[in-house]
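All ligand and atom numbering here is 1-based and tracks the order in the structure.
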Amino acid sequence: MTDNTPPVLIESDGPVTIVTLNRPEKRNAMNAALIRSMIETLETLRADNGCRVVVITGAGPAFCAGMDLKEFFGSDDRTAASRERLIQDASEWRYRLLRQFPKPTIAMVNGSCFGGGFSLVECCDLAISDREARFGLSEINFRHIPAGPVSKSMASILRPRDALLLALTGRPFDGEHAQRIGLVNEAVAGDQLLAHTLALAHEIAAKDAAALRLTKECYRYATEMDWDASLAFNAAKSYELLARQANGESRDEAVLDFRAGRLKPGAPA
Ligand code: ACO
């Protein structure tokens, strides 16, 4: 890989955009260039009406080997201020930009996923893994702790016993185990991973964009709200949905179709 190689690749499959971490020779470890490129990519895709669903994956044999240990923990010539900025960006693009991204996101875990790569999986709404992918909260083996957003991600998605067992031992595990503990939705054979993920992405992309956005927001905030706050938030979001649809962001044909008996989503296929 030359210095001109983009650290992130972007490819469209109709309404689905595939974003690929592109440092295969470093197992897609997250360095400054990759982090900045992910921030730019997500900011661009947020405003791109042609993009309805984002799939994030890794080039080569790894999904993401976590933070770039050499760049983040080695010495470098950054000033204290630029180093602090980088550390902030490294966390924020995952827990804020990606987690609150206004369109559905799917992590397609094609191979190794370690350390900081966990929060990338958790901050996506859904995750499909190669059943042979290797996962590990390996920080403890470096005499370190799951850094940045990783602890919160684990607390959000895993049962306490599973999260602590993985974090305290650093034991690696495979995609099938990741599915059993709920870290990913499904683990499939490697040769079916892309087709399987794209089928899911297209299924979701066909839904109403505004309803998808607000479904995701209501769910994400409900996990952090009590019942009363969540019901009030949901009521406000229902009005927001009407306003967005009236604004032309999407139409309510589906409800009209349902009323007219043309649409019955619960009917057997
Ligand atoms: N940071 C920096 N470089 C990395 C990282 C990383 N996290 N992971 C891999 N690399 C580099 C290796 O140093 C090597 O570079 P080199 O060719 O310049 O020596 C290259 O990627 C290939 O790595 P290999 O180990 O040869 O690849 P392999 O396919 O055999 O193994 C694996 C891949 C399992 C991901 C292994 O590299 C590994 O265990 N990496 C560390 C993963 C980890 O524990 N990450 C957590 C970091 S802690 C955190 O995120 C806070």
Engineer: Provide, to 0.1 Å, the distance between atom 32 (C) of ligand 1 and the closest protein heavy atom, together with that atom's residue and name.
Structural biologist: S112 OG, 4.4 Å
Engineer: Can you find a heavy atom in the side chain of H177 that is under 4.5 Å from one in the side chain of L183?
Structural biologist: no
Engineer: What atoms in ligand 1 come closer than 4.0 Å to a heavy atom of G66?
Structural biologist: 50 (O)
Engineer: Evaluate L69 for polar contact with ligand 1, using N/O atom pairs at a separation under 3.5 Å.
Structural biologist: yes
Engineer: Just which atoms of ligand 1 are under 4.0 Å from any heavy atom in F142?
Structural biologist: 44 (O)
Engineer: Under a 4.0 Å threshold between the charged nitrogen and the carboxylate oxygen, would E217 count as salt-bridged to R213?
Structural biologist: yes
Engineer: Below 3.5 angstrom, do we get any N/O pair linking G116 and ligand 1?
Structural biologist: yes
Engineer: Going by heavy atoms, is M30 under 4.0 Å from ligand 1?
Structural biologist: no
Engineer: Is the closest basic N to carboxylate O distance between D125 and R99 below 4.0 Å?
Structural biologist: no
Engineer: So between R134, H144, K26, whose heavy atom ends up nearest atom 21 (O) of ligand 1?
Structural biologist: K26
Engineer: Strictly less than 4.0 Å: does any protein heavy-atom distance to atom 15 (O) of ligand 1 fall in that range?
Structural biologist: yes
Engineer: Would a distance-only check, ignoring hydrogens and angles, find a side-chain to backbone donor-acceptor pair under 3.5 Å from S151 to P146?
Structural biologist: yes
Engineer: To the nearest 0.1 Å, how far is atom 51 (C) of ligand 1 from its closest protein heavy atom, and which atom is that?
Structural biologist: M67 CG, 3.7 Å
Engineer: Hey, is atom 1 (N) of ligand 1 under 4.0 Å from any protein heavy atom?
Structural biologist: yes
Engineer: Is it true that a side-chain atom of D130 and a backbone atom of A189 form a donor plus acceptor pair closer than 3.5 Å?
Structural biologist: no
Engineer: Might you check, step by step, whether the distance between atom 47 (C) of ligand 1 and some protein heavy atom is under 4.0 Å?
Structural biologist: yes
Engineer: Would R27 count as being in polar contact with ligand 1, using the rule that some N or O on each side must be under 3.5 angstrom apart?
Structural biologist: yes
Engineer: Measuring only between side-chain heavy atoms, which start at C-beta, is L9 closer than 4.5 Å to V19?
Structural biologist: no
Engineer: Looking at atom 30 (O) of ligand 1, would you say a protein heavy atom lies below 4.0 Å from it?
Structural biologist: no
Engineer: For the atom pair OG1 (T197) and CD1 (I56), what is the distance rounded to the nearest 0.5 Å?
Structural biologist: 12.5 Å
Engineer: Which atoms of ligand 1 sit under 4.0 Å from any heavy atom of S138?
Structural biologist: 43 (C), 44 (O), 45 (N), 46 (C)
Engineer: Relative to each other, are the rings of F135 and F173 parallel, tilted or perpendicular (30° and 60° limits)?
Structural biologist: parallel
Engineer: Does atom 38 (C) of ligand 1 have any protein heavy atom closer than 4.0 Å?
Structural biologist: no
Engineer: What residue and heavy atom of the protein are closest to atom 8 (N) of ligand 1, and at what distance?
Structural biologist: A65 CB, 3.4 Å
Engineer: Does a salt bridge link D89 with R36, judged by any charged N lying under 4.0 Å from a carboxylate O?
Structural biologist: yes
Engineer: Taking CD in E43 as the centre, count heavy atoms belonging to other residues, nucleotides or ligands within less than 6.0 Å. Is the count above 12?
Structural biologist: yes
Engineer: So does G58 get a backbone contact from the side chain of T20, meaning a donor-acceptor N/O pair under 3.5 Å?
Structural biologist: no
Engineer: Applying the salt bridge (charged side-chain N to carboxylate O under 4.0 Å, His left out) test to D68, which of R23, K26, R27 qualifies?
Structural biologist: R23
Engineer: Compute the shortest N/O to N/O distance between P61 and ligand 1 and return yes if it is under 3.5 Å, no if not.
Structural biologist: no
Engineer: Going by the order shown, which atoms of ligand 1 are within less than 4.0 Å of some heavy atom of E25?
Structural biologist: 20 (C), 21 (O), 22 (C)
Engineer: For ligand 1, which atoms have a heavy atom of K70 less than 4.0 angstrom away?
Structural biologist: 13 (O), 15 (O), 18 (O), 19 (O)
